[in-house]
**Student:** 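Following this message is one structure expressed as structure tokens.
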Amino acid sequence: MRTLSTPSPALICPQNLHGFQNGRGSSTSSSSITGETVAMVHSPPPTRLTHPLIRLASKQQKEQAHIDRLPDHSMIQIFSFLPTNQLCRCARVCRRWYNLAWDPRLWRTIRLTGETINVDRALKVLTRRLCQDTPNVCLMLETVTVSGCRRLTDRGLYTIAQCCPELRRLEVSGCYNISNEAVFDVVSLCPNLEHLDVSGCSKVTCISLTREASIKLSPLHGKQISIRYLDMTDCFVLEDEGLHTIAAHCTQLTHLYLRRCVRITDEGLRYLMIYCSSIKELSVSDCRFVSDFGLREIAKLESRLRYLSIAHCGRVTDVGIRYIAKYCSKLRYLNARGCEGITDHGVEYLAKNCTKLKSLDIGKCPLVSDTGLECLALNCFNLKRLSLKSCESITGQGLQIVAANCFDLQMLNVQDCEVSVEALRFVKRHCKRCIIEHTNPAFF
């Protein structure tokens with residue numbers, strides 16, 4: 001049982017600014033004290049109301065409030081649907097609600113949003129309150145999401161690293177003020193961390209253990225990092241050497257997203273395949289230095305690879321697609337939009353070898369024609385999503401072949417393609433659940 005003298009944190013926010021979130025939804029509160037969002041503390045509510053009129057009104061409300069008859073476990077279940085700032089408000093209603101609102105089971109997840117929020121201070125106040133029953137550690141906290149909080153600094157991440165040893169999921173996307181050192185602290189002090197999103201954190205160049213942690217562990221300390229999901233989208237300064245370090249330390253990776261990491265080359269992918277043989281989903285979209293040699297390295301994942309995005313990798317041709325088709329037979333999703341070197345031959349290799357393909361994007365591939373679509377339709381019957389946007393060589397005949405064979409098609413993108421209204425109607429008749437994205441004003 002918590003001592004009632006311990007203060008609980010609440011947010012005081014300026015108008016029209018987002019505050020805390022926990023679970024679904026968010027809400028705001030206002031303050032005329034300051035122009036920024038900060039974390040404040042308040043004491044537990046008083047035992048009784050002193051004014052007789054207020055006491056009389058309170059008594060009448062109490063008689064009508066059937067919610068007070070609910071047992072604690074039911075109240076906690078209701079509170080679990082409230083955002084963080086609402087939980088803080090509930091803590092001010094009465095002493096019972098104060099204790100229930102700060103039940104550790106309600107604080108497995110903390111979400112903070114808003115560009116002006118003082119995240120470092122908010123995290124410090126929250127973790128201090130959640131550490132009341134277990135000094136210096138938050139044993140129940142598993143997820144922290146502070147995406148888009150630009151005022152987050154290394155100090156805030158250090159607070160998380162020190163107080164949250166059971167952390168499993170951390171999302172700091174768009175927080176461009178954090179550095180490698182802070183990320184190293186979290187990875188080293190949170191051994192159960194499995195999901196890490198640092199997309200848009202331009203100062204982060206690799207993921208590794210701190211020097212102190214490396215010294216304490218064996219030479220195989222890289223296996224101590226249990227990260228399986230890593231999103232480094234828009235980490236523009238990530239280079240092959242940094243990817244080498246990530247691969248050597250995060251050998252359990254299954255999901256890796258490197259979208260717009262423009263300095264990555266085929267050499268970086270070679271390092272990745274040496275250490276990370278369990279990758280199921282990989283995105284190197286807009287990595288302009290990735291070529292067919294890089295796809296040859298990716299093909300070493302063989303049947304484990306299910307998702308691959310190589311969109312706008314202009315150096316990829318049919319040769320690279322052939323490597324993927326030959327060795328990655330269980331591929332389910334391929335995004336090759338903007339790879340202008342892909343032709344009907346590449347699509348044919350893909351269709352005949354990856355027959356379980358469910359989603360394919362070959363938009364802006366001008367060399368793909370109805371011939372490639374026919375081969376795709378005759379082999380990939382489970383296709384559900386197909387994007388042919390801006391494929392200049394596609395006609396209505398190719399679409400009709402697809403519709404006649406892929407009955408489960410759910411999404412078709414033919415924007416900026418020269419296809420007739422009759423062909424679109426044919427698709428709609430045969431694929432009744434299909435949503436067609438088009439630019440033909442005559443079809444509706």
**Student:** Under 3.5 Å, side-chain donor or acceptor atoms of residues 173-181 against the rest of the protein: list the pairs with distances, not counting sequence neighbours.
**Tutor:**
unit_1	atom_1	unit_2	atom_2	d
Ser173	OG	Ser147	OG	3.0
Asn177	ND2	Arg150	O	2.6
Ser179	OG	Asp154	OD1	3.4
Ser179	OG	Asp154	OD2	2.6
Ser179	OG	Glu181	OE1	3.1
Asn180	OD1	Thr205	N	2.8
Asn180	ND2	Thr205	OG1	2.5

**Student:** Quick one: does any side-chain atom of Asn413 pair with a main-chain N or O of Leu388 as donor and acceptor, under 3.5 Å?
**Tutor:** no
**Student:** Please give me the minimum heavy-atom distance between Asp361 and Gly363, naming the atom from each residue.
**Tutor:** OD1-N, 3.0 Å
**Student:** More than 12 non-hydrogen atoms from neighbouring residues, nucleotides or ligands closer than 6.0 Å to NZ on Lys124, yes or no?
**Tutor:** no
**Student:** Enumerate the residue pairs fulfilling side-chain hydrogen bond (donor to acceptor under 3.5 Å, both in side chains) with a member in residues 367-376, sequence neighbours excluded, ordered by first and then second residue.
**Tutor:** Asp344-Ser369, Asp370-Thr395
**Student:** Which residues satisfy the side-chain hydrogen bond (donor to acceptor under 3.5 Å, both in side chains) test with Arg105, sequence neighbours excluded?
**Tutor:** Asp103
**Student:** Run Asn379 and Asn405 through side-chain contact (heavy atoms from CB on, under 4.5 Å) and show every step you take.
**Tutor:** CA-CA 9 Å; Asn379 291 276; Asn405 292 273; over 6 Å; no
**Student:** Output all residues satisfying salt bridge (Lys or Arg N to Asp or Glu O under 4.0 Å) with Asp234, sequence neighbours left out; order by chain, then residue number.
**Tutor:** Arg260
**Student:** Quick check: closest heavy atoms across Ile342 and Leu367, and the distance to 0.1 Å?
**Tutor:** O-CB, 3.6 Å
**Student:** Does the side chain of Ser390 reach to within under 4.5 Å of the side chain of Gln415, using non-hydrogen atoms?
**Tutor:** no
**Student:** Which pairs with one or both residues in residues 261-272 pass salt bridge (charged side-chain N to carboxylate O under 4.0 Å, His left out), sequence neighbours excluded?
**Tutor:** Glu239-Arg263, Glu267-Arg270
**Student:** Using modelled atom types and a 3.5 Å cut-off, is there a donor and acceptor pairing between side-chain atoms of Ser420 and backbone atoms of Gly396?
**Tutor:** no
**Student:** Do the non-hydrogen side-chain atoms of Val172 and Leu152 ever get within less than 4.5 Å of each other?
**Tutor:** yes
**Student:** How far does CZ of Arg296 sit from OG of Ser291, to the nearest 0.5 angstrom?
**Tutor:** 9.0 Å
**Student:** Less than 4.5 Å apart, any side-chain heavy atom of Ile321 and any of Val319?
**Tutor:** no
**Student:** Is Trp97 reaching over with its side chain to a backbone N or O of Met75, donor-acceptor style, under 3.5 angstrom?
**Tutor:** no
**Student:** Report the residues that fulfil ring-ring contact (aromatic ring centres under 6.0 Å, His included) with Tyr271, sequence neighbours left out, ordered by chain and then residue number.
**Tutor:** His244
**Student:** For Cys431, what residues pass the side-chain contact (heavy atoms from CB on, under 4.5 Å) criterion, not counting sequence neighbours?
**Tutor:** Ala403, Leu409, Cys434
**Student:** Any non-hydrogen side-chain atom of Val183 less than 4.5 Å from a side-chain atom of Val186?
**Tutor:** no
**Student:** Would you please name every residue forming a ring-ring contact (aromatic ring centres under 6.0 Å, His included) with Tyr333, sequence neighbours left out?
**Tutor:** Tyr307
**Student:** Give the minimum heavy-atom separation between Phe289 and Thr265, together with the two atoms involved.
**Tutor:** CB-CG2, 3.8 Å
**Student:** Check whether Thr245 reaches the backbone of Glu241 with its side chain - one donor and one acceptor, N or O, closer than 3.5 Å.
**Tutor:** yes
**Student:** Looking only at heavy atoms, what is the nearest atom pair of Val284 and Cys313, with distance?
**Tutor:** O-SG, 3.3 Å
**Student:** Report the C-alpha separation of Arg228 and His195 in whole Å, then their side-chain angles, then the decisive distance to 0.1 Å, and conclude whether the side-chain contact (heavy atoms from CB on, under 4.5 Å) test is met.
**Tutor:** CA-CA 6 Å; Arg228 299 178 181 274; His195 182 115; over 6 Å; no
**Student:** Kindly write out the residues that satisfy ring-ring contact (aromatic ring centres under 6.0 Å, His included) with Phe426, not counting sequence neighbours, or none if the list is empty.
**Tutor:** His430
**Student:** Begin with the C-alpha distance, continue with both residues' side-chain angles, and end with the deciding distance and a verdict on side-chain contact (heavy atoms from CB on, under 4.5 Å) for Leu308 and Leu305.
**Tutor:** CA-CA 7 Å; Leu308 177 63; Leu305 187 65; 4.2 Å; yes
**Student:** Quick check: does any side chain N or O of Ser74 sit under 3.5 Å from a backbone N or O of Leu70, one acting as donor and the other as acceptor?
**Tutor:** no
**Student:** Tell me the closest heavy-atom pair linking Asp120 and Arg151, and the distance in Å.
**Tutor:** OD2-O, 4.0 Å
**Student:** For a 4.5 angstrom cut-off between non-hydrogen side-chain atoms, does Leu123 reach Ile160?
**Tutor:** yes
**Student:** So, using salt bridge (Lys or Arg N to Asp or Glu O under 4.0 Å) as the criterion, who are the partners of Arg155 when residues are at least two apart?
**Tutor:** none
**Student:** Can a side-chain donor-acceptor contact be found between Arg259 and Ser309 if the only test is distance below 3.5 angstrom?
**Tutor:** no
**Student:** Do Val414 and Leu424 come within less than 4.5 Å of each other through their side chains, counting heavy atoms only?
**Tutor:** yes
**Student:** Rounded to the nearest 0.5 Å, what separates atom CG in Asn353 from atom CG in Leu331?
**Tutor:** 11.0 Å
**Student:** Taking the six-membered ring for Trp, are Tyr257 and Tyr229 closer than 6.0 Å centroid to centroid?
**Tutor:** yes
**Student:** Test of understanding: with side-chain contact (heavy atoms from CB on, under 4.5 Å), list the residues that count as partners of Thr355, not counting sequence neighbours.
**Tutor:** none
**Student:** Among all residues two or more places apart in sequence or in another chain, which pass the side-chain contact (heavy atoms from CB on, under 4.5 Å) test with Asn382?
**Tutor:** none
**Student:** Tell me which one of Arg169, Arg168, Glu166 satisfies side chain to side chain donor-acceptor pair (under 3.5 Å) with Asn192.
**Tutor:** Glu166
**Student:** Using only atom types and a distance under 3.5 Å, with no angle test, would you say the side chain of Thr439 pairs donor to acceptor with the backbone of Asp416?
**Tutor:** yes
**Student:** Measuring only between side-chain heavy atoms, which start at C-beta, is Arg96 closer than 4.5 Å to Asp72?
**Tutor:** yes
**Student:** Would you call Glu302 and Lys300 a salt bridge, taking side-chain N to carboxylate O under 4.0 Å as the test?
**Tutor:** no
**Student:** For Lys428, does the NZ atom sit with more than 12 other heavy atoms under 6.0 Å from it, leaving out its own atoms?
**Tutor:** yes
**Student:** Between Met232 and Cys261, which heavy-atom pair has the shortest distance, and what is it?
**Tutor:** O-SG, 3.2 Å
**Student:** Return the OG to CZ distance between Ser80 and Arg108, rounded to the nearest 0.5 Å.
**Tutor:** 11.0 Å
**Student:** First locate atom CG of Leu170, then atom CG of Leu193, and finally report the distance between them rounded to the nearest 0.5 Å.
**Tutor:** 6.0 Å
**Student:** One thing to verify: whether Lys358 and Asp408 come together as a salt bridge, which I'm taking to mean a side-chain N less than 4.0 angstrom from a carboxylate O.
**Tutor:** no
**Student:** Measure from the side-chain N and O atoms of Ser188 to the backbone N and O of Asp185, and report whether any donor-acceptor pair falls under 3.5 Å.
**Tutor:** no
**Student:** Would a distance-only check, ignoring hydrogens and angles, find a side-chain to backbone donor-acceptor pair under 3.5 Å from Asp292 to Gly320?
**Tutor:** yes
**Student:** Can you check whether Ile227 reaches Leu253 side chain to side chain, under 4.5 Å on heavy atoms?
**Tutor:** yes
